Protein chains: 2
Amino acid sequence: MSWVEKFPGLSRLDPDLRRRLDRDGKVLKVPEGKVIFGPGSTADNLLLLISGTVRVQHLSDSGRQIVLYRINAGESCVMTTACLMAHDAYSAEGITESEIEAVAIPRATFDDLVARSPDFRSFVFEAYSRRIADLFLVIEEVAFQRIDIRLAQKLLDLAGQGDLVRATHQQLAGELGTAREVVSRQLQEFRRRDWITLSRGEIALSNVAAIRALAEA
Amino acid sequence: MSWVEKFPGLSRLDPDLRRRLDRDGKVLKVPEGKVIFGPGSTADNLLLLISGTVRVQHLSDSGRQIVLYRINAGESCVMTTACLMAHDAYSAEGITESEIEAVAIPRATFDDLVARSPDFRSFVFEAYSRRIADLFLVIEEVAFQRIDIRLAQKLLDLAGQGDLVRATHQQLAGELGTAREVVSRQLQEFRRRDWITLSRGEIALSNVAAIRALAEA
DNA sequence: CGCGGTCTGTGACCTTGTCACCAAAGTCTG
DNA sequence: CAGACTTTGGTGACAAGGTCACAGACCGCG
């Protein structure tokens with residue numbers, strides 16, 4: 001089975017074009033914790049993520065950090081391609097959060113497919129619009145949302161189905177674009193209310209309902 | 001002379017395609033202060049701005065506001081097209097800051113040109129990348145930059161070549177995504193240092209060098 | 001002129017970010 | 001295992017920024 005099947009947006013492509021993708025795309029594996037693009041590295045390929053996740057974040061001069069969005073399996077990395085194309089001072093970087101499998105599509109193939117396939121065009125433009133919506137959300141949150149609410153949302157997000165979050169306070173601060181001390185203090189406050197229990201490197205959610213109520217306030 | 005000449009990115013298009021643009025694109029004028037797209041209005045055309053500027057901003061539930069970017073003459077409005085395509089909860093709006101002249105390109109024509117012209121593709125993707133870079137910048141500023149520095153930058157920006165800014169404190173707050181009181185207080189501080197003089201609805205910059213020094217700190 | 005709306009100034013208070021420093025928990029090494 | 005070092009977390013003091021409440025200044029208009 002070809003990797004093309006893994007991408008819902010590509011499944012309706014013409015068989016001809018799917019073979020083209022299959023032929024020109026190079027599958028590669030990257031271990032966890034690698035910077036796959038960032039300032040200085042000109043991305044010449046479109047990356048499609050088969051498995052794993054990539055965290056896209058921004059580092060400020062002052063050493064603070066904020067997570068902009070994540071690329072999940074089945075998604076693509078269009079932003080970086082386009083962004084590096086025209087603009088130099090682009091200081092976001094993508095880091096693998098687990099081992100990933102990805103396909104690199106050469107620029108020429110990408111361009112050709114955009115020209116020939118309406119479905120591929122939809123795929124690309126939808127990928128863009130999702131990312132842009134993510135960025136709008138980040139702006140809204142950073143500019144207008146209280147930090148306790150954002151932290152509650154992030155804890156629920158990172159806990160997923162379970163009720164355990166494996167992350168240091170520093171990492172949570174990086175997710176939210178704030179300082180470590182702020183996260184520590186908010187977590188203390190949550191603990192004081194018996195919503196969570198804290199231990200080194202992990203946070204157990206003991207009252208998910210209360211956390212959710214705050215997150216949705 | 002056709003409006004197509006006004007767009008540097010389109011000037012190298014094949015004569016055939018330029019005629020196509022000329023024929024299908026509808027030129028329209030919109031007066032100042034109109035909402036040309038926003039929540040609820042599905043943009044079915046690609047807008048190209050011949051003259052004037054459009055301010056794209058985001059309104060929060062709490063009534064605060066932030067300016068995301070501006071569309072200037074010769075630029076296009078790709079983001080909104082793509083964004084509305086896939087995502088509903090998109091709460092940015094575009095407002096004309098002066099009377100504008102624009103060309104509306106129907107979706108079908110847009111799609112066809114993307115398919116047929118590499119130059120048009122570059123035009124579109126470059127427009128995207130510029131906007132995305134703008135959004136990255138906004139995030140960086142909102143998350144990590146001090147408000148006095150951002151205000152200094154904005155004053156210089158709005159003053160242009162001259163040394164007079166026509167804007168209320170409320171409008172400046174909207175530009176920066178902060179509260180009116182914060183702007184008022186910072187302006188008082190600038191005045192105390194004899195960098196500016198204040199009067200109702202306008203700010204005269206009397207020490208541009210000092211303001212620039214702060215802006216570049 | 002008086003009146004209502006808009007714009008600006010300001011104090012009090014709360015939240016968030018910064019700085020400094022310490023303590024506890026892990027890790028490494030001899 | 002002891003001791004040194006690193007990472008993580010806790011906390012107080014203070015600065016910066018956001019919220020609330022309210023007052024006074026300015027503007028256009030009848």
Side-chain angles (χ1 to χ4, degrees), chain A residues 33 58-66 138-155 158 164-193 196-204 214 217, chain B residues 33 58-66 138-155 158 164-193 196-204 214 217:
Chain A
H58 175 90
L59 297 165
S60 81
D61 312 324
S62 56
R64 262 165 69 196
Q65 178 190 330
I66 185 167
V138 170
I139 292 174
E140 153 112 51
E141 299 254 296
V142 171
F144 305 127
Q145 194 67 282
R146 293 175 51 96
I147 203 73
D148 52 354
I149 293 172
R150 295 175 58 211
L151 180 57
Q153 290 168 345
K154 186 55 76 176
L155 289 175
L158 293 177
L164 185 67
V165 176
R166 292 194 172 279
T168 66
H169 299 185
Q170 183 66 65
Q171 286 169 334
L172 290 170
E175 293 279 336
L176 301 174
T178 183
R180 201 261 314 161
E181 296 91 318
V182 174
V183 170
S184 288
R185 267 198 289 265
Q186 285 299 333
L187 289 175
Q188 288 309 312
E189 176 60 23
F190 289 175
R191 191 188 55 174
R192 206 185 54 70
R193 298 182 200 164
I196 60 175
T197 52
L198 294 168
S199 42
R200 192 184 173 91
E202 58 183 47
I203 297 151
L214 176 62
Chain B
H58 175 91
L59 296 166
S60 81
D61 311 326
S62 55
R64 263 166 68 198
Q65 177 190 330
I66 186 168
V138 170
I139 292 174
E140 153 111 50
E141 299 253 297
V142 171
F144 304 128
Q145 193 66 281
R146 292 174 51 97
I147 203 75
D148 51 354
I149 293 172
R150 294 175 58 210
L151 180 57
Q153 290 168 345
K154 186 55 76 176
L155 288 176
L158 293 177
L164 185 67
V165 176
R166 292 195 172 278
T168 66
H169 300 184
Q170 183 65 67
Q171 286 168 334
L172 289 170
E175 293 281 335
L176 301 174
T178 183
R180 199 260 314 161
E181 295 91 319
V182 174
V183 170
S184 287
R185 270 199 284 264
Q186 285 299 332
L187 289 175
Q188 287 309 312
E189 177 59 24
F190 290 175
R191 190 187 55 174
R192 205 186 54 70
R193 298 183 200 165
I196 60 177
T197 52
L198 293 169
S199 41
R200 191 185 174 90
E202 59 183 46
I203 298 152
L214 176 61

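Values in this document were obtained by computation on a predicted structure and should not be read as measured data. Just so you know, these numbers use all the heavy atoms, side chains as well, and skip hydrogens, waters and symmetry mates. Below, chains carry the letters A, B, ... as their sequence lines are ordered, and counting in each starts from 1.
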CG/L151(A) to CD/E175(A) distance, rounded to the nearest 0.5 angstrom?
10.5 Å

Any side-chain N or O of Q186(B) under 4.0 Å from OP1/OP2 of dG17(D)?
yes

Using a 4.0 Å heavy-atom cut-off, does R180(B) contact any base of the nucleic acid, only the sugar-phosphate backbone, or nothing at all?
base

Distance below 4.0 Å between T178(A) side-chain N/O and dG17(C) OP1 or OP2
yes

Tell me: CZ of R146(A) to C1' of dC14(C), nearest whole Å?
9 Å

For the pair made of CD1 in I147(A) and P in dT18(C), what is the distance, rounded to whole Å?
11 Å

The nucleotide from dA25(C), dG9(C), dT11(D) with an atom nearest the side chain of R200(A) is dA25(C)

Rounded to whole Å, the CZ-P distance (R64(A) to dT16(C)) equals 13 Å

If I take atom CG in residue L176(B) and atom C1' in nucleotide dA16(D), what distance separates them, rounded to the nearest angstrom?
15 Å

Do E189(A) and R193(A) have side-chain heavy atoms sitting under 4.5 Å apart?
yes

When the distance from CD of Q65(B) to P of dG18(D) is rounded to whole Å, what number comes out?
15 Å

Just the rounded figure in Å: distance from P of dG17(D) to CD1 of I149(B).
9 Å

May I ask you to evaluate whether H169(A) reaches the phosphate of dT7(D), defined as a side-chain N or O under 4.0 Å from OP1 or OP2?
no

Given the structure, check if the side chain of Q170(B) and the base of dC7(C) hold any donor-acceptor pair shorter than 3.5 Å.
no

Looking only at side chains, do R191(B) and Q188(B) share a donor and an acceptor under 3.5 Å apart?
yes

Looking at V138(A), T178(A), L176(A), L59(A), which hits side-chain contact (heavy atoms from CB on, under 4.5 Å) with I66(A)?
V138(A)

Any base atoms under 4.0 Å from R150(A), or only sugar-phosphate, or nothing? Heavy atoms, all strands.
nothing

For E202(A), answer base if it contacts any base atom (sugar-phosphate contacts may also be present), sugar-phosphate if it contacts only those atoms, and nothing otherwise; contact means non-hydrogen atoms under 4.0 Å.
nothing

Can a side-chain donor-acceptor contact be found between Q65(B) and H58(B) if the only test is distance below 3.5 angstrom?
no

Nearest-angstrom distance from the residue atom CD of E181(A) to P of dC14(D)
16 Å

Could you check how far CZ of F144(A) sits from C1' of dG17(D), rounded to whole Å?
14 Å

So which one's nearest nucleotide on DNA chain D is more toward 5', A167(A) or R185(B)?
A167(A)

When A143(A) and T168(A) are each assigned the nearest nucleotide of DNA chain D, the 5'-most assignment goes to T168(A)

